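Structure record follows, encoded as structure tokens.
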Amino acid sequence: MRVEIWSDIACPWCYIGKARFEKGLAEFAHRDEVEVVHRSFELDPSRVKGDTALVIDMLAEKYGRSREEAAAMEANVAANAQSEGLGYRTEGRDHGNTFDIHRLLHLAKARGRQDELLTLAYRANFAEERSVFDDEVLIALAEEAGLDADEARAVLADPEAYADDVRTDEREAAELGANAVPFFVLDRRYGISGGQPTEVFVQALEQAWKDRPATALTTVGGDAAACDTDGACDVPRD
């Protein structure tokens with residue numbers, strides 16, 4: 001069974017949702033027969049490369065809040081991340097265009113190291129003092145993931161390298177009706193939107209396995225926190 005996950009490095013619910021899905025997958029009896037493929041989705045595709053802003057400032061501007069209110073929003077998301085055992089910095093993180101990160105993730109996919117790079121990129125962006133919008137940081141992460149540093153550097157230097165792969169992923173997301181991430185698709189039959197609880201992923205995996213084959217894409221699980229195409233991310237209320 002194949003599980004495709006549309007996500008963006010800039011999306012905190014994608015970071016949290018990946019952890020929850022992996023916990024659900026670990027409980028699934030047929031986990032060794034599941035192929036997981038990560039797909040590209042940009043939350044802020046219009047932002048120019050190199051144009052970065054502090055996340056707190058970006059949130060304050062997007063939601064029309066004060067910096068103190070934006071910081072409280074981040075603290076709420078951080079609590080959700082920490083409840084899953086994830087590190088999460090609420091100060092000093094930056095936000096920018098993620099197209100190059102997605103291109104590098106497609107290189108990693110071609111080399112069989114996609115999940116390794118994605119995991120490292122999430123950790124760098126949300127938990128560590130490393131900006132994923134810096135090419136040198138991305139190259140270092142690629143090397144840590146087991147990729148060749150020179151090959152990663154060459155991909156970043158060529159704006160067309162793997163660009164079509166990113167655009168194909170984004171086009172397929174639109175065709176499937178995905179307007180927020182994370183978005184999980186099980187064998188192109190079941191769709192799960194948002195950072196659902198672990199038990200929802202367990203149930204969906206079991207149902208998808210039991211019902212093979214089926215036809216139309218069926219959405220499972222209720223509403224859950226996600227980040228939409230405007231770059232807005234749901235924030236849990238106290």
Side-chain angles (χ1 to χ4, degrees), residues 3-32 34-39 41 43 54-56 59 70-95 98 101-102 105 108-109 113-133 137-138 140-146 180-186 192-206 220-227 233-238:
V3 177
E4 297 164 278
I5 307 173
W6 274 265
S7 62
D8 192 9
I9 290 296
C11 165
W13 291 110
C14 297
Y15 177 48
I16 295 167
K18 182 177 185 292
R20 290 176 176 172
F21 168 76
E22 288 172 349
K23 289 179 181 179
L25 182 62
E27 296 180 25
F28 182 51
H30 303 283
R31 57 187 173 273
D32 292 338
V34 176
E35 176 192 13
V36 179
V37 179
H38 297 282
R39 302 289 191 192
F41 191 104
L43 290 175
L54 289 174
V55 169
I56 295 295
L59 290 172
M73 293 165 63
E74 272 285 88
N76 278 334
V77 179
N80 275 261
Q82 290 159 2
S83 72
E84 301 298 334
L86 300 172
Y88 196 102
R89 291 188 298 119
T90 57
E91 296 286 342
R93 290 199 304 110
D94 52 2
H95 174 80
T98 56
I101 304 171
H102 287 298
L105 283 166
K109 178 185 175 185
R113 309 299 294 175
Q114 187 185 48
D115 188 71
E116 289 82 357
L117 179 57
L118 182 62
T119 298
L120 288 168
Y122 274 139
R123 186 184 304 160
N125 187 43
F126 290 105
E128 300 174 349
E129 296 287 343
R130 304 169 78 184
S131 174
V132 295
F133 307 104
V137 170
L138 285 180
L141 290 172
E143 192 168 22
E144 289 172 38
V181 286
F183 187 63
F184 302 78
V185 176
L186 286 63
I192 306 172
S193 182
Q196 299 278 353
T198 294
E199 54 268 25
V200 171
F201 291 116
V202 175
Q203 293 166 6
L205 288 164
E206 292 174 348
V220 298
D223 293 336
C227 299
C233 295
D234 295 331
V235 178
R237 298 181 183 276
D238 292 331

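Keep in mind that this is a model prediction, so the values were computed, not measured. Note that these values count all heavy atoms, side chains included, but never hydrogens, waters or copies made by symmetry.
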Open item on the list: Nearest 0.5 angstrom please: T90 OG1 to Q82 CD, how far?
Closed with: 8.0 Å
Open item on the list: As an exercise, state the distance from CG of D8 to CG of L43, rounded to the nearest 0.5 Å.
Closed with: 4.0 Å
- [ ] Search all heavy atoms of G17 against all heavy atoms of F201 and return the closest pair with its distance.
- [x] O-CE1, 4.1 Å
Open item on the list: Quick one, V185 and W6 - any side-chain contact, counting heavy atoms below 4.5 Å?
Closed with: yes
TODO: Would you sort out whether C227 and F41 count as a side chain to side chain contact (heavy atoms under 4.5 Å, CB included), showing the intermediate values?
DONE: CA-CA 10 Å; C227 299; F41 191 104; over 6 Å; no
Open item on the list: Counting C-beta onward and ignoring hydrogens, is there a side-chain heavy-atom pair between L105 and H38 closer than 4.5 Å?
Closed with: no
Task: Minimum heavy-atom distance A19-L86, with the two atoms named - done: CB-CD1, 3.8 Å
TODO: Might you point out which heavy atoms bring P197 and R20 nearest each other, and give the distance in Å?
DONE: CA-CD, 4.4 Å
Open item on the list: In the structure I gave you, are the side-chain heavy atoms of I16 and V77 within less than 4.5 Å of one another anywhere?
Closed with: yes
TODO: State, with a plain yes or no, whether a side-chain heavy atom of V34 is found less than 4.5 Å away from one of L25.
DONE: yes
- [ ] Any chance you could lay out the salt bridge (Lys or Arg N to Asp or Glu O under 4.0 Å) test for E22 and K18, step after step, and finish with the verdict?
- [x] CA-CA 6 Å; E22 288 172 349; K18 182 177 185 292; 2.5 Å; yes
Task: Distance (rounded to the nearest 0.5 Å) between Q203 CD and T198 OG1 - done: 11.0 Å
Task: Shortest non-hydrogen contact between Y88 and R93, atoms and distance - done: OH-NH2, 3.0 Å
Open item on the list: Can you tell me how far apart CZ (R130) and CG (L141) are? Round to the nearest 0.5 Å.
Closed with: 4.5 Å
Task: Value rounded to 0.5 Å, distance of CD1 in I5 from CZ in F183 - done: 12.0 Å
Task: Main-chain N/O of A26 paired to R31 side chain as donor or acceptor, under 3.5 Å - done: yes
Open item on the list: With a 4.5 Å cut-off on side-chain heavy atoms, are K109 and L117 touching?
Closed with: no
Open item on the list: Side chains of F133 and T98, heavy atoms from C-beta outward: is any pair under 4.5 Å?
Closed with: yes
Open item on the list: Ring-plane angle category for Y15 and F126, please: parallel below 30°, perpendicular beyond 60°, tilted otherwise.
Closed with: parallel
Task: Backbone N/O of E4 and side chain of R39: donor-acceptor pair under 3.5 Å - done: no
TODO: Locate the shortest heavy-atom distance separating A124 from R89; write the atom from each residue and the value.
DONE: O-NH2, 4.3 Å
- [ ] Compare every heavy atom of P182 with every heavy atom of C14, then report the nearest pair and how far apart it is.
- [x] SG-N, 3.6 Å
Task: Student check: side-chain heavy atoms of L205 and V3 closer than 4.5 Å - done: yes
Open item on the list: Quick one, V36 with F21, criterion side chain to side chain contact (heavy atoms under 4.5 Å, CB included). Give me CA distance, side-chain angles, the key distance, then yes/no.
Closed with: CA-CA 11 Å; V36 179; F21 168 76; 4.0 Å; yes
Open item on the list: Looking at E143, I'd like to know if its CD atom is crowded, meaning that more than 12 non-hydrogen atoms belonging to other residues, nucleotides or ligands lie closer than 6.0 Å.
Closed with: no
Open item on the list: Distance check, rounded to the nearest 0.5 Å: D94 atom CG versus I56 atom CD1?
Closed with: 12.0 Å
Task: W13 vs N80 side-chain heavy atoms within contact, under 4.5 Å - done: yes
